[in-house]
Amino acid sequence: MVGFAPPQGTAACGLSGSCGLAPYWVPAREAYPVLAALGPLQDALLPYMVAPTQPGGTASATTDVAAACAAAPVACVNLERLRGLPLMPTLNGWLLGYPALYLVRSVDEAQAAARALSCHELTLFRATAGSLRIGSRGSHAGILGERGATLSGFTVPTCLLAEGEPGSADWGSFGRRTDAWMGRMRAALAGDGWVAEVACEREDKGLQAVSL
């Protein structure tokens, strides 16, 4: 989880002083209340969560994906009944399963965080799929996506990757979360009958205009 605070002393991100806020890895004691606030939403979504079938399970490569999607329950949760949820920039990152979330606690903080991110170099992580298709034979065979098609992606301030997370060695827990994110992506595609080569690509984007 990435938070934003006034820079202390000489910031590793270089431009922090002119940007008002500096990004930092949120320590566990600060992240716990945010994650705890997401508990009611997680409970509300549990009835709609179906574990993807691993390769070799009951779902075959020729699963009728359209029919399966039509039969699946549609998640409809009234967020107004769930009090204390994080703001959308943080909530969206959690719902999408990103390994790094941008933590903002107010609209003003979100605007300040966007300004800070806009003047710090960012690194983009993308999950890409090559030779994406449904099944391997029959009416569902055929390429449905171009090689290298982006399935999902998120950014992290480049300076934080160089610093590493507090209490973590080298790549640390962020790397483990990224590996887990990729594993969930592969499992979800395989469970729904998709056949794809899924890879994680890293690209330094430099300075980018950011809106949260």
Fill in: Rounded distance [0.5 Å steps], OG1 in T90 versus CG in L38
8.5 Å
Discussion item. Do L161 and M182 land in one hydrophobic cluster if side-chain heavy atoms of ILVMFWY residues count as linked below 4.5 Å?
Written reply: yes
Practice prompt. Report the C-alpha distance between T158 and T123 in whole Å, list the side-chain angles of each, state the deciding distance to 0.1 Å, and finish with yes or no for side-chain hydrogen bond (donor to acceptor under 3.5 Å, both in side chains).
Written response: CA-CA 5 Å; T158 307; T123 296; 2.8 Å; yes
Worksheet entry | Side-chain heavy-atom pair V26, Y102 within 4.5 angstrom cut-off | no
Discussion item. F154 vs W181, test: ring pair (Phe, Tyr, Trp, His ring centres under 6.0 Å). Steps then yes/no.
Written reply: CA-CA 11 Å; F154 64 95; W181 173 65; 5.1 Å; yes
Worksheet item: Does C200 offer a backbone N or O that forms a donor-acceptor pair with the side chain of R126 under 3.5 Å?
Response: no
Worksheet entry | Minimum side-chain heavy-atom gap L21-P6 below 4.5 Å | yes
Worksheet item: Are any of the side-chain heavy atoms of L95 and L45 separated by less than 4.5 Å?
Response: yes
Worksheet item: Is there side-chain contact between M1 and Y98, with heavy atoms separated by less than 4.5 Å?
Response: no
Worksheet item: Can L85 be reached from V107 by stepping across I, L, V, M, F, W or Y side chains whose heavy atoms are under 4.5 Å apart?
Response: no
Worksheet entry | N-O pairing of R115 and E109 below 4.0 Å | no
Practice prompt. Using a 4.5 Å cut-off on heavy atoms from C-beta on, say whether the side chain of L122 contacts that of V156.
Written response: no
Worksheet item: How long is the span from the CG atom in L160 to the NE2 atom in H120, to the nearest 0.5 Å?
Response: 8.5 Å
Discussion item. Any heavy-atom pair between the side chains of L207 and S118 that's under 4.5 Å?
Written reply: no
Worksheet item: Is there a donor-acceptor contact under 3.5 Å from the side chain of T150 to the main chain of T128?
Response: no
Discussion item. If we ignore hydrogens and angles and just use 3.5 Å, is the side chain of W25 paired with the main-chain N or O of V2 as donor and acceptor?
Written reply: no
Fill in: Linked, directly or transitively: Y32 and L101 (ILVMFWY side chains, under 4.5 Å)
no
